[in-house]
Amino acid sequence: MFQSRDEFLRWLRSIEKKWQSKWREAHLFEANLKPGAPKFYITVPYPYANGPLHIGHGRTYTIGDIVARYKRLRGFNVLYPMAFHITGTPIMAFSEMISRGDQKTISMYREYIKLYVEDEYKVEEILESFKNPLNLAVFFAERIQRDFEELGYSIDWRRKFHTGEPIYHNFVTWQFYKLMDKGLITRGEHIVTYCLLHQQPEGEDDILDADVNPVEIVEFTAVKFKLEDSDVYLLAGTLRPETLLGAVNMWINPQVEYVVFKWRGDKYIVSNEAFLKLKYQYPEEEFIVIKTISGRELLGKYALSPLNQKRLLILPAQFVDPDNATGIVYSEPSDAPYDYVALVELKRNPDLLKEYGIDPSQVTSIEPVKIIDIPGIKGHHAEEVVKNAGIESQNDPRLEEITSEVYKEQFYKGIIRVDDPEFNGLSVRDAREKMKNKLYMQGYAIPFYELNRKAWCRAKGKIIVAKISGQWFINYNLEWLKSKAREIILSNKLIVIPSKYTKQFLDVLDWLDKRPCARKRGIGTKLPWDSEWIIESLSDSTIYMAFYTIAHIIREKGIQPNMLIPEVFDYVFLGQGDVSDVSTKSGIPVSVLEEMRREFMYWYPVDQRHTGIPHISNHLTFYILHHIALFPMEQWPRIISLNETVIREGAKMSKSKGNVIPLRHVTTMYSADLFRLYIAWAAELDSVLDWREAEVLRVLDNIMRFTNITKQAVETACEERGYDIFTRWFMSKFNEIIEKATVMLENMEIRKYIQYVFFDVLTLVDKYRELKGLDYICGVKEILREWITLLNPVIPHLTEEINSWLGSSEFLSVSSWPEVKKPIEEDLVILVDNIDKVISDIREIIALLKKPVNTVYIIIAPEWKREIARLVLSGVQLKMIIEAMKTKFGLKGREIEIVDAFNTYKKMDKADLERIAKTTSKREYEVMLAVTNYLQRKLGVNISIIWEEEARHRSIPRAERALPLKPALYIE
RNA sequence: GCGGGGGUGCCCGAGCUUGGUCAAAGGGGUCGGGCUUAGGACCCGAUGGCGUAGGCCUGCGUGGGUUCAAAUCCCACCCCCCGCACCA
């Protein structure tokens, strides 16, 4: 018997190790082709090997493993493979940062390595090796594999690979040729975040703090305002082109340097910073610098609004940031708080104006023009909020927040009120779109891209927005593709579990468009027709499940990368080409090619793919679409199942909080089976799972209790003997649980399945012990083998161990799922379960009486009362019932009692009536008699079981109130 | 904004798809009892209100509605969480 958690955990870990090595030695989970046997192919996306995985990942892989193990017990030939993803920029970026000596990264990785390596010297050596990204990836891939093995996952490791391997590159190359053939590849312009230091596009992974403070690209409309009496245009950037009609002046920062340049045959002015950005956004065009000027030189001049030729005075403003958009803005003080405040400030400060050579009277006459109606705002919106907030200076930081509030409110509620019929009456939202397009179309404006915040790369290089030309895309916006995807989802040819996520797939299909599929840096496969480009990491991971089916053959037969020419994959995956030609061309023997083809045809399609919710909008949708694009219908995905994320003690796990539990700790600090049971039980798939230490320990206590019970059962010698009433009840209940648990597992309701087979069975055993006494353990022994089989998918190690205690020399993990043993004695189940209700009734009454109690009479209703219930249930009329009762039970003269019973049943729920109908009074009496001792013990009173008729003879009060399943009670 | 999910008893959390068996599973906490030298663990009982006979009343975000009957269905409102891409 285990007493302490520590002792038990140590033991648990030791048997986990033992069984893992036994499974490994037996090659138990290596799935080989068995012609004729039903197969089940389940995959979970391979992990990205840039660091240790945590318990959130563990949830997903554990669920995959539970399904794999369950299907195996159901007699399927199951393939559950795994590989490692190293494509993309993060691994490279981390490796570069380590090379560069970035202390944060170095200490982070040092901690990661220490999870697996104790020797300090070794740790530094490994860290040093990470300067080569491949070493980093391979190190973690190997550790993740070890983590997975230590969690007992039933993976066929022969098929593993990583995405940086040449054989994988060849596979991806083939795939991209195919996509090209099918017309999914296009090329065009693309707007990206771009690092000026590295002179290349850099995404979230490379940008400082982008994970916590996301960087977004926003489109400004840069409006051309012609300087009066010149041929030069000011380019004023705005996010709200619809306010152009309310522009009353221009803002220039006098302290900033501007550039006058020639472009597209015209002359323009923008800030220095903006000029640089412009060149990156129009990379193939010619810009000629004419001169630089100070902002001050422009003050006091007039610019003409392009639509109405209104003269706008150029005024000074400090809030104008040269490094935001074009460094020039127009002023619409009615709606823009900054504009309003700056204007008021200027009016209050004529000296400053004079200093810049501007006549203050010119400014006094500038008034906001109201062009937007907002419910509840009479005057100028900007004025109102600025005054409410008491803001006086354009340098007040609160302006930022106020501005976004005003913008938001106007966007949703604002209506344009202007003379121009084209815009009058439009919502702000519509007007913005319309104005922008109009300005672009008529050549009055150009798009100018800017970031939502200032950003730098990890090496402190400035990030701007640039346009890449010649970007390669995968075009998912093809009707033939999308409609097929919709069709299989809607017709349930592709099943989504839990089904509530089905709609999300359909939604994604609606908005999914072109996706850039290659970048100029990172680890990965080169684009076969344009070797400057490397295929991006989600685009190379869409149909790799096909690769698992042949990966081990490639290794075993020593097939070299150069032999894996596209024709090989055409043959293996699509059955195209003549096998001997392919053999000649590739150098792979015909027999091997045929073997690969057989293997693929046997395992494909993927029966189930399981992963996390966040993959719906990208990977999973690509997975579906690529299969549709490249394979015949028979090979398309069948089931996609999903689970939510994991949090810890109510808080999100994150590196910055330092509350991430790595999988490594599961096997050193907890145990595999404990983890598996907890993580699979603590929440249903579609809800976020909260890892709570206290709960984990409680589950541990239960596993310990379970182990102790089973141990005792194994060690007790039991004789063959007949089943008494309680044992029959126990068996029936257990068989009901088998039935229900099986249904739950088939529906992927894993939490409920575990609730039944673990927690409910434990409770059942307790109850059985109470009823039956010490002898109960023999009943447990009887169901033990089936019980541990039911639990095997979740806690495979412990159940294998118990199975060995039972003297079995076979692996439980490849045995078979228990069948439900009939008959389940439903009447016994109802009657014994009903005892709890009787007990609580008795307790309630005793508590109310507040008197000492000697004896409780439990008075059982006669069979005729049940018969009435049955008749009511089958809809027989009262009259008929009375007649039947009279003849069958001799109840002449007791018609009132019959009517009473009839009325009672009429009011009852159908389910209750059915329970009554399924039992007999004789059985009810027997059961009550059998539990008499139990009741006496439990309630601490004398119990007397007595038939109603007899009780009436003995004039025991209340006897006539007896009903089936609700005996009358009289308390003395 | 668009799309998705959710608000349940002191707390966590089931149930709502297929309305009644739901005062509402299961934990936790709290209270009482057992066991114990004591504590822990474990076991038993109680834990919305009222009631001297198994009952009644109130109740599952707020306000309406449908129904003989609603935590469960419909409508409106309030609040919370997640995703919106080219990134794994």
Side-chain angles (χ1 to χ4, degrees), chain A residues 3-5 45-50 85-91 190-193 201 203-207 210-211 214 216 408 411-412 429 471 473-474 498-501 503-504 506-508 510-519 522 536-539 541 613-619 621-622 644-645 647 649-650 652 681-684 686-688 690 692 694-695 698-699 701-702 704-705 751-752 755 759-760 763 766 770 837-851 907-915 937-940 957-958 961 963 966-971:
Chain A
Q3 303 283 351
S4 87
R5 285 173 178 170
Y46 43 34
Y48 191 70
N50 69 331
H85 197 199
I86 73 166
T87 314
T89 51
I91 285 177
H190 187 51
I191 301 291
V192 295
T193 47
E204 189 184 289
D205 299 318
D206 305 304
I207 298 172
D211 45 340
E216 287 164 37
K408 207 179 227 173
F411 183 76
Y412 298 121
R429 182 201 305 219
Q471 170 70 49
F473 296 92
I474 296 177
S499 58
K500 71 177 186 188
Y501 297 113
K503 186 162 179 346
Q504 274 196 42
L506 295 170
D507 290 342
V508 172
D510 281 343
W511 59 254
L512 197 66
D513 193 12
K514 291 201 276 281
R515 179 193 167 86
C517 63
R519 339 168 77 184
E536 174 274 335
S537 64
L538 287 193
S539 303
S541 303
I613 309 289
H615 281 146
I616 295 176
S617 64
N618 43 62
H619 167 71
T621 303
F622 304 155
E644 263 284 1
T645 47
I647 60 173
E649 311 292 346
K652 213 174 189 170
W681 163 80
E684 211 54 84
D686 58 358
S687 39
V688 174
D690 192 359
R692 278 181 288 175
E695 289 281 322
R698 215 157 293 117
V699 170
D701 289 340
N702 278 300
M704 191 159 84
R705 205 171 111 220
R751 178 195 148 87
K752 282 187 190 153
Q755 185 68 40
F759 294 98
D760 287 358
T763 310
D766 271 349
E770 270 197 283
K837 175 63 181 149
V838 175
I839 289 173
S840 78
D841 280 352
I842 294 171
R843 278 209 173 105
E844 194 178 341
I845 297 164
I846 290 175
L848 284 169
L849 286 175
K850 294 172 188 157
K851 273 191 260 177
K907 279 182 251 164
M908 244 183 218
D909 297 326
K910 204 173 162 217
D912 279 336
L913 275 180
E914 276 168 355
R915 286 169 62 233
R937 221 178 328 130
K938 193 114 180 161
L939 293 164
R958 315 176 68 82
R961 297 173 62 133
L963 285 170
K966 196 168 172 61
L969 300 170
Y970 178 67
I971 291 165

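Lettering follows sequence order; numbering is per chain, from 1.
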Looking only at the side chain of [X] (C-beta and beyond, no hydrogens), which of the listed nucleotides [options] gets closest?
X         : options                : value
Lys503(A) : G3(B), C42(B), C82(B)  : G3(B)
Arg961(A) : G54(B), C42(B), G51(B) : G54(B)
Tyr970(A) : A88(B), C12(B), A53(B) : A53(B)
Gln504(A) : G4(B), G54(B), A85(B)  : G4(B)

By the 4.0 Å heavy-atom rule, please label [X] as base, sugar-phosphate, or nothing.
X         : value
Arg843(A) : sugar-phosphate
Ser541(A) : nothing
Ser687(A) : sugar-phosphate
Leu538(A) : base
Pro967(A) : base
Ala968(A) : base
Glu844(A) : base
Glu695(A) : sugar-phosphate
Leu512(A) : base

Taking a pair as Watson-Crick or G-U wobble with both distances under 3.5 Å, which nucleotide is matched to [N]?
N      : answer
A69(B) : none
G83(B) : C2(B)
G29(B) : U47(B)
C42(B) : G34(B)
U17(B) : none

Considering only atom [atom1], compute the distance from [N] to [M] and round it to an integer number of Å.
N      : M      : atom1 : answer
G49(B) : C44(B) : P     : 24 Å
G40(B) : A53(B) : P     : 39 Å
A70(B) : G64(B) : P     : 14 Å
G26(B) : U62(B) : P     : 25 Å
G33(B) : A25(B) : C1'   : 25 Å
C16(B) : C60(B) : C1'   : 11 Å
G6(B)  : U72(B) : C1'   : 15 Å
C74(B) : C22(B) : P     : 23 Å

For this session: Dump the intermediate steps for side chain to side chain contact (heavy atoms under 4.5 Å, CB included) on Leu939(A) and Ile839(A), then the final yes or no.
Result: CA-CA 8 Å; Leu939(A) 293 164; Ile839(A) 289 173; 4.0 Å; yes

Exercise. When you measure from the side chain of Thr621(A) to the backbone N and O of Ile616(A), does any donor-acceptor pair fall under 3.5 Å?
Worked result: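 Present.
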
Is there side-chain contact between [X] and [Y], with at least one heavy-atom pair below 4.5 Å?
X         : Y         : answer
Asp841(A) : Lys966(A) : yes
Glu536(A) : Pro516(A) : no
Phe622(A) : Leu512(A) : yes
Leu969(A) : Glu844(A) : no

For this session: Assign the ring pair Tyr48(A) / His85(A) to parallel, tilted or perpendicular, where the plane angle (0 to 90°) is split at 30° and 60°.
Result: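 Judged by the thresholds at 30° and 60°, the geometry between Tyr48(A) and His85(A) is perpendicular.
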
Could you tell me how far apart [X] ([atom1]) and [N] ([atom2]) are, to the nearest whole angstrom?
X         : N      : atom1 : atom2 : result
His619(A) : C86(B) : NE2   : C1'   : 16 Å
Asp510(A) : A85(B) : CG    : P     : 17 Å
Lys500(A) : G3(B)  : NZ    : C1'   : 14 Å
Tyr501(A) : C82(B) : OH    : C1'   : 10 Å
Gln755(A) : G15(B) : CD    : C1'   : 13 Å
Lys938(A) : A46(B) : NZ    : P     : 9 Å
Asp690(A) : G6(B)  : CG    : P     : 18 Å
Ile971(A) : U52(B) : CD1   : C1'   : 12 Å

Does [X] make a side-chain N or O approach to OP1 or OP2 of [N] shorter than 4.0 Å?
X         : N      : value
Lys514(A) : A85(B) : no
Thr89(A)  : A88(B) : yes
Ser617(A) : G3(B)  : no
Lys966(A) : A53(B) : no

Exercise. Quick one: the side chain of Asp507(A) and the base of G3(B), do they pair up donor-acceptor inside 3.5 Å?
Worked result: no

Problem set entry | Electrostatic pair Arg698(A):Asp701(A) at N-O distance under 4.0 angstrom |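 No salt bridge links Arg698(A) with Asp701(A).
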
Seminar exercise, completed: Nearest-nucleotide check on RNA chain B, Pro516(A) vs Trp681(A); residue mapping nearer the 5' end is Trp681(A)

Seminar exercise, completed: Assign each of Arg698(A) and Leu849(A) the nucleotide of RNA chain B bearing its closest heavy atom; nearer the 5' end lies the nucleotide of Arg698(A)

For this session: Only one of Ile474(A), Thr87(A), Asn618(A) passes side-chain contact (heavy atoms from CB on, under 4.5 Å) with Leu538(A); say which it is.
Result: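 Per the side-chain contact (heavy atoms from CB on, under 4.5 Å) rule, the option paired with Leu538(A) is Asn618(A), out of Ile474(A), Thr87(A), Asn618(A).
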
